[in-house]
Amino acid sequence: MGWFETFKAKFVKDFILKDRWRYITDGLQVTLTVTLGALIIGLVIGMLVAVIRSAHDQIDEEKLNSPGGLLLRLVNQIARLYLTVIRGTPTVVQLLLMYFVFLISTESKVAVATITFGINSGAYVAEIFRSGIMSVDKGQMEAGRSLGLGFAKTMQIIILPQAFKNTLPALVNESITLLKETSICGYVGLNDLTRGGDIIRVDTYDPLLPLLGVAAIYLIIVMFFTWIMGKLERWLRESDRR
């Protein structure tokens, strides 16, 4: 039997017999669902934390002693604590804590994983957004305020669009990292893409094709994200020239 016949026989055993390919497709669906949901949660949390942190860093010291300044100082300390805890502990530990302790009453493992990875990603997105906000010239904020816009409105229509443009490559890299981090979902028994390949490996005693197939799918998705990033960057550069 030649190498092609051997490969074909293994492929049929690993993916075709007993519809084992469904472990891969169903796992891919779970992985994409968790990644997309976590990305949305992470962007919302990250943007809020970034605005709080950058507002605290840019405000005058005298204003921090006012009632509003004291509230901002308190919220900023909470945000810093959140960043320290989330970035200082392993993601898998956070997932286990959420599943076995904090969200133990939640029946959906997908929801637990989505919330966990969303909170985790939010800490990294926050620092990415904060660096983008701080990179925008302070005159932009002053110009918006001089036009009669409030802080929130100036941040919304002037600062954040520029910050988003500056941090786009880093945000795409965070999305790629988030996608790959979801491979630990199997720790809570969630049948994601990685666990789907592992189930096939255990069932057929053949680790090569299932794991290579999983790796190839991750690689294709990452390449797609990279392609999207290139398209967005070119579109933003062209819009700047107009």
Side-chain angles (χ1 to χ4, degrees), residues 34-106 108-136 138 141 150-156 159-164 166-185 187-188 190:
V34 171
T35 302
L36 180 59
L39 183 60
I40 294 173
I41 295 173
L43 287 174
V44 173
I45 294 176
M47 191 176 298
L48 289 174
V49 173
V51 170
I52 292 170
R53 298 272 289 122
S54 59
H56 177 272
D57 292 344
Q58 293 177 344
I59 196 172
D60 295 334
E61 189 67 28
E62 297 178 356
K63 294 182 179 180
L64 284 175
N65 296 323
S66 65
L70 291 174
L71 177 62
L72 178 60
R73 183 179 294 180
L74 174 62
V75 176
N76 179 66
Q77 289 299 322
I78 295 173
R80 291 184 63 181
L81 177 63
Y82 159 72
L83 294 175
T84 301
V85 171
I86 295 301
R87 295 193 300 165
T89 55
T91 308
V92 65
V93 175
Q94 297 169 18
L95 180 62
L96 293 173
L97 281 172
M98 283 292 193
Y99 183 72
F100 291 110
V101 182
F102 300 116
L103 298 178
I104 191 171
S105 60
T106 304
S108 174
K109 295 179 181 179
V110 173
V112 172
T114 301
I115 294 171
T116 302
F117 287 111
I119 293 174
N120 178 273
S121 178
Y124 296 93
V125 171
E127 289 301 281
I128 293 172
F129 264 128
R130 188 171 76 92
S131 65
I133 292 173
M134 300 300 286
S135 69
V136 177
K138 292 183 178 180
M141 176 62 73
F151 174 83
K153 198 67 176 179
T154 304
M155 187 68 70
Q156 177 185 350
I159 306 300
L160 286 181
Q162 297 181 66
F164 178 78
N166 294 338
T167 59
L168 182 60
L171 289 174
V172 174
N173 288 334
E174 169 59 23
S175 302
I176 292 173
T177 301
L178 176 62
L179 169 70
K180 292 186 291 185
E181 279 188 343
T182 60
S183 61
I184 64 174
C185 286
Y187 277 92
V188 295
L190 185 60

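Note that the coordinates shown come from a computational prediction; the quantities given were computed from them, not determined experimentally.
- A donor-acceptor distance shorter than 3.5 angstrom exists from the side chain of N166 to the backbone of Q162, with no hydrogens or angles considered.
- The closest donor-acceptor contact from the side chain of Y82 to the backbone of I119 lies under 3.5 Å.
- Among all heavy-atom pairs drawn from R87 and Y124, the shortest one is CA-OH, 3.7 Å.
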Is there a side-chain contact (heavy atoms from CB on, under 4.5 Å) between I184 and L95 once you walk through the steps?
CA-CA 9 Å; I184 64 174; L95 180 62; 4.2 Å; yes
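- The distance from atom CG of L103 to atom OG1 of T116, rounded to the nearest 0.5 Å, is 6.0 Å.
- For A113 against L190, the heavy-atom pair with the smallest separation is CB-CD2, 3.9 Å.
- T167 places a side-chain N or O within 3.5 Å of a backbone atom of A163 that can act as its donor or acceptor partner.
- With S54 contributing its side chain and V51 its backbone, the two residues share a donor-acceptor pair below 3.5 Å.
- Residue Q156 comes nearest to P161 through the heavy atom pair O-CD, 3.4 Å, listed as atom of the first residue, atom of the second, then distance.
- Here the straight-line distance linking atom CD1 of I40 with atom OG1 of T35 works out to 11.0 Å at 0.5 Å rounding.
- Of the inter-residue distances, the one linking L72 atom CG with Q77 atom CD reads 10.5 Å to the nearest 0.5 angstrom.
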Check step by step if side-chain contact (heavy atoms from CB on, under 4.5 Å) holds for T91 and Y187.
CA-CA 11 Å; T91 308; Y187 277 92; over 6 Å; no
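- For the side chain to side chain contact (heavy atoms under 4.5 Å, CB included) with I41, the lone residue among L39, I45, L43 that qualifies is I45.
- Across every non-hydrogen atom of A123 and L83, the tightest pair is O-CD2, 3.4 Å.
- Contact between V49 and A79 at its shortest, heavy atoms only, is CG1-CB, 3.9 Å.
- Closest non-hydrogen pair, F129 versus G46, comes out as CD1-C, 4.2 Å.
- The CG atom of L171 sits 6.0 Å away from atom CZ of F164, with the distance rounded to the nearest 0.5 Å.
- With rounding to the nearest 0.5 Å, the separation of OG1 in T177 from CD in E174 is 5.5 Å.
- In this structure a side-chain-to-backbone donor-acceptor pair under 3.5 Å is present from Q94 to I86.
- With rounding to the nearest 0.5 Å, the separation of CG in L179 from CG in L36 is 11.0 Å.
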